[in-house]
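What follows is a set of notes on a single structure, which appears directly below.
We count ligands from 1, going down the list as the structure has it; atoms in each ligand are counted the same way. Everything quoted here is computed from the prediction, not taken from an experiment. Scope of the values below: all heavy atoms of this structure, side chains included, with no hydrogens, waters or symmetry mates.
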Amino acid sequence: MSRPLDVIIIGSGTAGLTALREVRKRSERFVIVNDGPYGTTCARNGCMPSKVLIEAANAFHRRLVFEEFGIRGGAALTADIPAVLRRVRALRDSFVGYTLQTTEELRERSIAGRARLLGPNRIEVDGRELSADRIIIATGSRPIVPKPWLAFGDRLLTTDTLFEQADLGRRIAVVGMGAIGIEMAQALSRLGIEVTGFDSGHRLAGLTDESVNATLDALLRREFAIHYGSAAELFEAPDGIGIRNDETRIVVDQVIAAIGRRPNIDGLGLESLGVALDAHGMPPVDPHTMQIADLPVFLAGDANGQLPLLHETADEGYIAGVNAFATQPVGFARRTPLAIVFADPNVAVVGKRLSELDSAETVNGAVDFDNQGRARTAQRNHGRICVYADHRSGRLLGAEMCAPAGEHMAHLLALAIGRALTVNDLLRMPFYHPVLEEGLRGALRELAAQLPTAGTSELGTCGAISPPADPRAG
Ligand SMILES: Cc1cc2nc3c(=O)[nH]c(=O)nc-3n(C[C@H](O)[C@H](O)[C@H](O)COP(=O)(O)OP(=O)(O)OC[C@H]3O[C@@H](n4cnc5c(N)ncnc54)[C@H](O)[C@@H]3O)c2cc1C
């Protein structure tokens with residue numbers, strides 16, 4: 001039998017390719033195996049095409065405020081959905097193209113096929129057995145579709161198929177109001193499609209702060225209907241797909257299933273590793289080393305179900321790639337939690353969610369954007385930011401928001417939380433005028449007023465001029 005390889009990587013998505021980069025720095029004795037289309041979920045049917053669609057939708061949506069700006073003729077604009085989708089695919093192809101180069105140049109070290117584990121050092125791909133000192137599993141995830149829904153054929157969409165459509169129906173139901181559901185529902189509604197959202201719970205986009213959730217709910221409901229609180233059921237109707245829950249019953253042309261994603265670990269042979277699997281078939285994975293138990297096997301990216309976000313997936317591929325060559329796997333400190341939903345206004349959760357904090361130890365500050373000066377100039381004055389800090393030290397702990405430019409403010413807060421900054425540290429930074437961050441400052445000031453340091457004199461404690469009439473207020 002030939003000498004084992006140093007590393008086998010299973011899956012050439014973002015996690016697999018990031019692992020590959022680290023592996024290639026250390027060895028030439030590796031293979032990467034991938035099943036299905038190459039090009040990564042992010043570029044092919046995830047982050048990137050969804051954002052292309054959202055950008056088109058938001059651009060078209062702006063016409064609704066043109067009259068108020070004094071710009072006439074907006075009502076005559078139309079959205080050409082097939083053209084919008086063509087642009088999504090054109091840009092998608094270009095993003096995919098970049099990722100393909102990496103595996104194409106590997107030649108025989110890149111194997112197309114479905115891998116199955118035969119043990120901690122062995123896999124099988126299409127009848128061929130390969131062995132390696134280390135195995136990195138990075139098989140990603142796929143949309144969850146309840147089995148009975150498959151009966152609706154190509155009228156039942158997921159983000160795997162949505163961007164492939166040449167055109168879309170006039171009426172679409174989106175089931176699941178998590179990150180992906182909200183992004184797609186709002187985008188399609190903004191493009192003129194009659195969208196109806198369904199969710200069995202009441203929380204949107206992973207928010208746990210009821211006040212931010214209520215703000216987002218009210219804003220989204222201005223654009224499309226959402227029916228909460230009970231599971232949606234599909235049925236065949238004479239003129240389309242019927243969909244009902246306890247609140248409503250409607251007929252649509254297409255349904256988008258956005259009820260979550262399942263790690264691609266079934267049928268992978270994880271039972272051959274000899275470690276206990278949980279009820280979902282998941283082995284124990286250390287989130288700091290990506291190692292499965294004490295085996296020479298690492299599980300990174302969406303496949304481990306821990307942090308299914310692009311930047312975390314890339315980190316995990318990196319960690320697995322480095323640790324595949326370490327005598328003792330290194331425990332990496334993970335980044336400050338940051339999750340963004342590209343709705344308008346942007347939804348973001350940074351650091352700890354409200355639900356993770358002890359209310360007796362935490363103070364909360366909030367700001368609404370209705371009267372925020374800069375937001376009003378752009379007619380983007382909707383949203384809310386809630387920030388949370390430790391009630392003694394004033395250290396910033398987390399934030400939940402749906403706010404204009406929330407994606408940027410969330411990054412600022414992530415930096416502050418990661419650096420263990422206090423509310424007063426943040427208030428000492430310059431806030432240029434007029435910017436949306438002045439809104440965030442309003443929430444921070446509300447926090448500062450509740451801290452033991454309130455009343456001390458320094459520039460950080462300088463208050464607003466005359467809120468809320470002053471445009472710099474908030
Ligand atoms: C619509 C959508 C929008 C998103 N938007 C964002 C966003 O805005 N920001 C963000 O941070 N994240 C976003 N995400 C999440 C992000 O795209 C994923 O976290 C990330 O792409 C996962 O990468 P991965 O490497 O784990 O998996 P993938 O990129 O899916 O790669 C896994 C690969 O493994 C292959 N494979 C599976 N089983 C086997 C097997 N047995 N043998 C061989 N190969 C196998 C798969 O076919 C695939 O090619 C979005 C996801 C979706 C679906």
Inset, instruction - Heavy-atom contacts with L268 under 4.0 Å: which atoms of ligand 1 show up? List them by number with element. - result: 41 (N)

Legend entry - Salt-bridge contact D344-R190 (side-chain N to carboxylate O under 4.0 Å): yes

Inset, instruction - For N45, counting its heavy atoms only, list the atoms of ligand 1 lying under 4.0 Å from any of them. - result: 1 (C), 53 (C)

Inset, instruction - Would you check whether T40 has a nitrogen or oxygen atom less than 3.5 angstrom from a nitrogen or oxygen atom of ligand 1? - result: no

Legend entry - Top protein contact for atom 15 (C) of ligand 1, by heavy-atom distance: P308 O, 3.8 Å

Inset, instruction - Check each atom of ligand 1 against the heavy atoms of G113 and keep those under 4.0 Å away; list them by number with element. - result: 42 (N), 43 (C)

Inset, instruction - With heavy atoms of A138 as the reference, note each atom of ligand 1 found under 4.0 Å away. - result: 32 (C), 33 (C), 34 (O)

Inset, instruction - With atom 34 (O) of ligand 1 as the reference point, say which of A43, P37, G11 has the nearest heavy atom. - result: G11

Inset, instruction - Out of N34, L338, V125, T18, indicate the one that has the non-hydrogen atom closest to atom 48 (C) of ligand 1. - result: N34

Inset, instruction - Starting at CD1 of I292, measure out to CD1 of I136 and round the result to the nearest 0.5 Å. - result: 11.0 Å

Inset, instruction - Using a strict 4.0 Å cut-off to heavy atoms of V33, name the atoms of ligand 1 that fall inside it. - result: 43 (C), 44 (N)

Legend entry - T159 contact mode with ligand 1 (heavy-atom cut-off under 4.0 Å): side chain

Inset, instruction - Please determine if E236 and R155 form a salt bridge, counting it only when a charged side-chain N lies under 4.0 Å from a carboxylate O. - result: yes

Inset, instruction - Answer with yes or no whether the side chains of E247 and S230 bring together a donor and an acceptor at under 3.5 Å. - result: no

Legend entry - Enclosure of R26 CZ (heavy-atom neighbours >12, cutoff 6.0 Å): yes

Inset, instruction - Just jot down the ligand 1 atoms closer than 4.0 angstrom to any heavy atom of G301, in number order. - result: 26 (O)

Inset, instruction - Could you name each residue pair satisfying side chain to side chain donor-acceptor pair (under 3.5 Å) that touches residues 255-266, not counting sequence neighbours? - result: S141-R261, R142-N264, R142-D266

Inset, instruction - Give me the ring orientation class for F332 and Y318: parallel if the planes are under 30° apart, tilted from 30 to 60°, perpendicular past 60°. - result: perpendicular

Legend entry - Salt bridge flag under 4.0 Å for residues E233 and R244: yes

Inset, instruction - Find all atoms of ligand 1 within a distance of less than 4.0 Å from any non-hydrogen atom belonging to I180, and give their numbers and elements. - result: 1 (C), 2 (C), 52 (C), 53 (C)

Inset, instruction - State plainly whether the residues R128 and E124 are in salt-bridge range, i.e. N to O under 4.0 Å. - result: no

Legend entry - Shortest heavy-atom approach to atom 37 (C) of ligand 1 - which of I9, T99, T139: T139

Inset, instruction - Measure R261 to ligand 1 on non-hydrogen atoms and call it side chain, backbone, both or neither using the 4.0 Å cut-off. - result: side chain

Legend entry - Polar contact flag, side-chain donor to acceptor under 3.5 angstrom, Y228-D217: yes

Legend entry - Any side-chain donor near an acceptor of the partner, S211 and R384, under 3.5 Å: yes

Inset, instruction - State plainly whether the residues E437 and R374 are in salt-bridge range, i.e. N to O under 4.0 Å. - result: no

Legend entry - Residue portion contacting ligand 1 (non-hydrogen atoms closer than 4.0 Å) for D302: both

Inset, instruction - Could you tell me whether some N/O pair between F342 and ligand 1 is separated by less than 3.5 angstrom? - result: no

Legend entry - Interfacing atoms of ligand 1 (cut-off 4.0 Å, heavy-atom, G140): 26 (O), 27 (O), 30 (O), 32 (C)

Legend entry - Residue portion contacting ligand 1 (non-hydrogen atoms closer than 4.0 Å) for I10: side chain

Inset, instruction - Measure the distances from the heavy atoms of M184 to every atom of ligand 1 and state whether one is below 4.0 angstrom. - result: no

Inset, instruction - Give the residue and atom name of whichever protein heavy atom lies nearest to atom 13 (C) of ligand 1, and the separation in Å to one decimal. - result: C47 SG, 3.3 Å

